[in-house]
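In this text the structure is predicted, and so the values were computed from the model without any measurement.
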Amino acid sequence: MHLMVISGQHIGLVALGVYALVVTLARRGYWPSRLPWRLSAAVLTMATALGYGLLAGFEVPVQRACLMVTLGLLWQLGRQQVRLGDALLLALVGVLAANPLVSLLPGFWLSFGAVLLLLWSFAGRLGRLPWWHALGRAQSCMALGLAPLLLALGLPLSLSGPLANAVAVPLMDMAIVPLALVGTLLSLPWSPLGDPALWLAGFLLELLLGLLGWLAQLAAAWQPALAPAWTLWLAGLGALLALLPAGVPLRGCGALLMLPALFPAVPLPAEGQARITFLDVGQGLAVLVRTRDHALLYDAGPRQGSYDSGARVVLPNLRAAGIDTLDVLLLSHADADHAGGAPTVARGLSPRQVLSGETRRLESGLRAQDCTDGGSWRWNEVSFTTWWRPSADSNASSCVLKIDASGERLLLTGDIDERREAELVASGLPLAADWLAAPHHGSRSGSSACFIDAVQPRGVLISRGRHNRYGHPHPLVVKRYRERGVLAYDTAELGALSWTLGRWERPRGQRETASWWRTSPPTP
């Protein structure tokens, strides 16, 4: 996608064009003799590359390309041989010195990793390859070499990517971008001058987008389950080995070293246990419940405007967990912070059954069934029970789900209010649970004293966005839980929460794991 906006290749293309123009003018005698053409070419090229990059937003790939162009020109002015490895290393230092936090962005690693792979694959080779052979080798190098990095970053692998790039890269760099630049320059003095070039660039771009869309449907992106760290290191070693020159011993074994990362063994709960994950979806709710042979998703996260947590958080996490279909998608009610991501999840995982407390307000494509009062089923010795009452109020229509794994219980409550809580208590249902999802994200409209006393949880789980405009959780609610000795586990503070129900362990937050940038993990 970066090819459609700007990339390092575009910077190099513009820089090469400006430098070649000055050289051509100087050799034909059209350059002013009082201006040293070599210095002028370097200054103009650097200024053009920097200006072009600033207009495009100056993201990490553009920063890298601008720094490498600048270093290459400075080396040439000093009449020194340009070493691409040294230029890349200095560009890396420059980008990190300007903003060390870019190392947390996937684009940083992919940008520098791609250039390193090209150097690894092409540097030091004897002879020159035909352009079509070089292009094919570059694409195969990117597909194979970046695969371990994409897996480590939790990004999907594009099966059609090498073929798409083999078409898109030369077409963009050799036709669409030059035509767009020429058309823009010609339009400056008089707009009709640039119209033919811009029209042709737009026509070729439309053809390219159509082809890329067809390729994406032909072979969709594939995201394997999240692999252990040792398999990722092994895959990286295998990729480097496979990209060595022909004739290197054991080169063919490199692809075999990548198999453990591509097809990792996914740990599954034992019989009578369920793996629970409260995904960190911000101001919303999405809870994955997985038994040995089945998977249920309770709510699918929020969607607001162009932001869809179903696409950005829920679906990638489920695929990373090795889930390719859902047995049940249970949407407590139809509010956007609970069901907003459901259409995306449903398209990606094709749930066998969709249940909801508000079927009529859901998007028609979901084809949900009404949640039933007293509905129950059993998976791998884990019991599931639903409770629901119809209501004109959306929050009060939430479908409540209770999960029992070997005597340890979790109660998921959606957005029920105090009135619904009182009805639950008065119904005589066995509400006692070890873990309670805070009703309505800890709003003061729920978590009544009588309800907390009836459930008697060891811990309350709060799914919310940090600094949300609703003020969740309300201080009175937090105080109410604290007075009863109930420990609070907050996704805004701890990140995604996960634990195995039936093993009598406490939830662990994703941010609790000590890392090199955090010496001491937070405690709930």
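Looking only at side-chain heavy atoms (C-beta outward), Leu90 and Leu67 stay at 4.5 Å or farther from each other. Looking only at side-chain heavy atoms (C-beta outward), Val115 and Phe112 stay at 4.5 Å or farther from each other. Using a 4.5 Å cut-off on side-chain heavy atoms (C-beta onward), Leu188 and Leu185 make contact. Counting heavy atoms from C-beta outward, Ile276 and Leu461 have side chains that stay 4.5 Å or more apart. Looking at heavy atoms from C-beta onward, Met258 lies in side-chain contact with Leu144 at the 4.5 angstrom threshold. Within the 4.5 Å cutoff, the side chain of Val23 has no heavy atoms near those of the Trp31 side chain. Arg275 has its side chain out of reach of Leu268: every pair of non-hydrogen atoms, C-beta onward, lies at least 4.5 Å apart. With contacts defined as side-chain heavy-atom distances shorter than 4.5 Å, the pair Leu110/Leu153 qualifies.
When all heavy atoms are compared, the tightest approach of Gly414 to Tyr298 is N-OH, 3.1 Å. Closest heavy-atom contact between Trp230 and Pro260: CH2-CB, 4.4 Å. Contact record, Leu412 with Ala437: CD2-CB, 3.8 Å, taken as the closest heavy-atom pair. The nearest pair of heavy atoms linking Thr70 to Met46 is CG2-SD, 3.4 Å. Across all their heavy atoms, Ala300 and Leu331 have their closest contact at N-CD2, 4.2 Å. Between Leu150 and Pro156, the shortest heavy-atom distance links the atoms CD1-O, 4.1 Å.
A distance of 5.0 Å separates CZ of Arg361 from CG of Asp335, quoted to the nearest 0.5 Å. Atom CD1 of Ile176 is separated from atom CG of Leu205 by 5.0 Å, given to the nearest 0.5 angstrom. Rounding to the nearest 0.5 angstrom, the gap separating the CE atom in Met142 from the CG atom in Leu243 is 8.5 Å. Remark: Leu16 CG to Leu21 CG distance equals 11.0 Å, nearest 0.5 Å. Atoms CG and CD, on Leu157 and Gln223 in that order, are 8.5 Å from each other to the nearest 0.5 Å. Taking CG of Asp299 as the reference point, atom CG of Leu330 lies at 7.5 Å (rounded to 0.5 Å).
A distance-only check finds no donor-acceptor pair linking the side chain of Ser191 to the backbone of Ser187 [under 3.5 Å]. Remark: the backbone N or O of Pro302 is paired with a side-chain donor or acceptor of Ser309 at under 3.5 angstrom. Listed for the Thr359 side chain is no donor-acceptor partner under 3.5 Å among the backbone atoms of Ser356. For Gln63 (side chain) and Val95 (main-chain N/O), no donor-acceptor pair under 3.5 Å exists by modelled atom type.
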Worked check of side chain to side chain contact (heavy atoms under 4.5 Å, CB included) between Leu92 and Phe108 | CA-CA 9 Å; Leu92 175 67; Phe108 169 83; 3.3 Å; yes
Report the C-alpha separation of Tyr19 and Leu44 in whole Å, then their side-chain angles, then the decisive distance to 0.1 Å, and conclude whether the side chain to side chain contact (heavy atoms under 4.5 Å, CB included) test is met.
-> CA-CA 8 Å; Tyr19 194 87; Leu44 285 174; over 6 Å; no
Residues Leu96, Ser103; criterion side chain to side chain contact (heavy atoms under 4.5 Å, CB included); working and verdict | CA-CA 7 Å; Leu96 288 176; Ser103 60; 4.1 Å; yes
May I have the step-by-step check of side chain to side chain contact (heavy atoms under 4.5 Å, CB included) for Val169 and Met174, ending in yes or no?
-> CA-CA 8 Å; Val169 170; Met174 299 171 62; over 6 Å; no
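The neighbour count for Trp222 CH2, taken as heavy atoms of other residues, nucleotides or ligands under 6.0 Å away, is above 12. Counting heavy-atom neighbours within 6.0 Å of Arg28 CZ, excluding the residue itself, gives a total of 12 or less. Annotation: Trp109, atom CH2; neighbour count of heavy atoms from other residues, nucleotides and ligands within 6.0 Å does not exceed 12. Surrounding CD of Gln353 are more than 12 heavy atoms belonging to other residues, nucleotides or ligands, all under 6.0 Å away. At most 12 non-hydrogen atoms from other residues, nucleotides or ligands lie less than 6.0 angstrom from CZ of Arg367.
Under a 4.0 Å N-O distance rule, the pair Arg64/Glu59 does not qualify as a salt bridge. With salt bridges taken as basic N to acidic carboxylate O contacts below 4.0 Å, one links Arg303 and Glu363.
Scanning for ring-ring contact (aromatic ring centres under 6.0 Å, His included) contacts around Trp379 gives His294, Trp377, Phe384, with sequence neighbours left out. With sequence neighbours left out, Cys399 forms a disulfide bond (SG atoms under 2.5 Å apart) with Cys371.
The side-chain contact (heavy atoms from CB on, under 4.5 Å) with Ser160 is formed by just one residue from the set Asn165, Leu215, Leu212; it is Leu215. Screening Leu329, Leu326, Leu401 for a side-chain contact (heavy atoms from CB on, under 4.5 Å) involving Leu296 leaves a single residue, Leu401.
Classified by interplanar angle (parallel below 30°, tilted 30° to 60°, perpendicular above 60°), the ring pair Trp499/Phe278 is parallel. Under the 30°/60° scheme for interplanar angles, the aromatic rings of Trp199 and Phe203 are found to lie parallel.
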Let me check something: any side-chain donor-acceptor pairs from residues 282-290 under 3.5 Å, sequence neighbours excluded? List them with distances.
unit_1	atom_1	unit_2	atom_2	d
Gln283	OE1	Gly465	N	3.0
Gln283	OE1	Asn468	ND2	3.4
Gln283	NE2	His472	ND1	3.0
Arg290	NH1	Ala321	O	2.5

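The cationic atom of Arg312 (NZ for Lys, CZ for Arg) does not lie both less than 6.0 Å from the six-membered ring centre of Tyr307 and within 45° of the ring axis.
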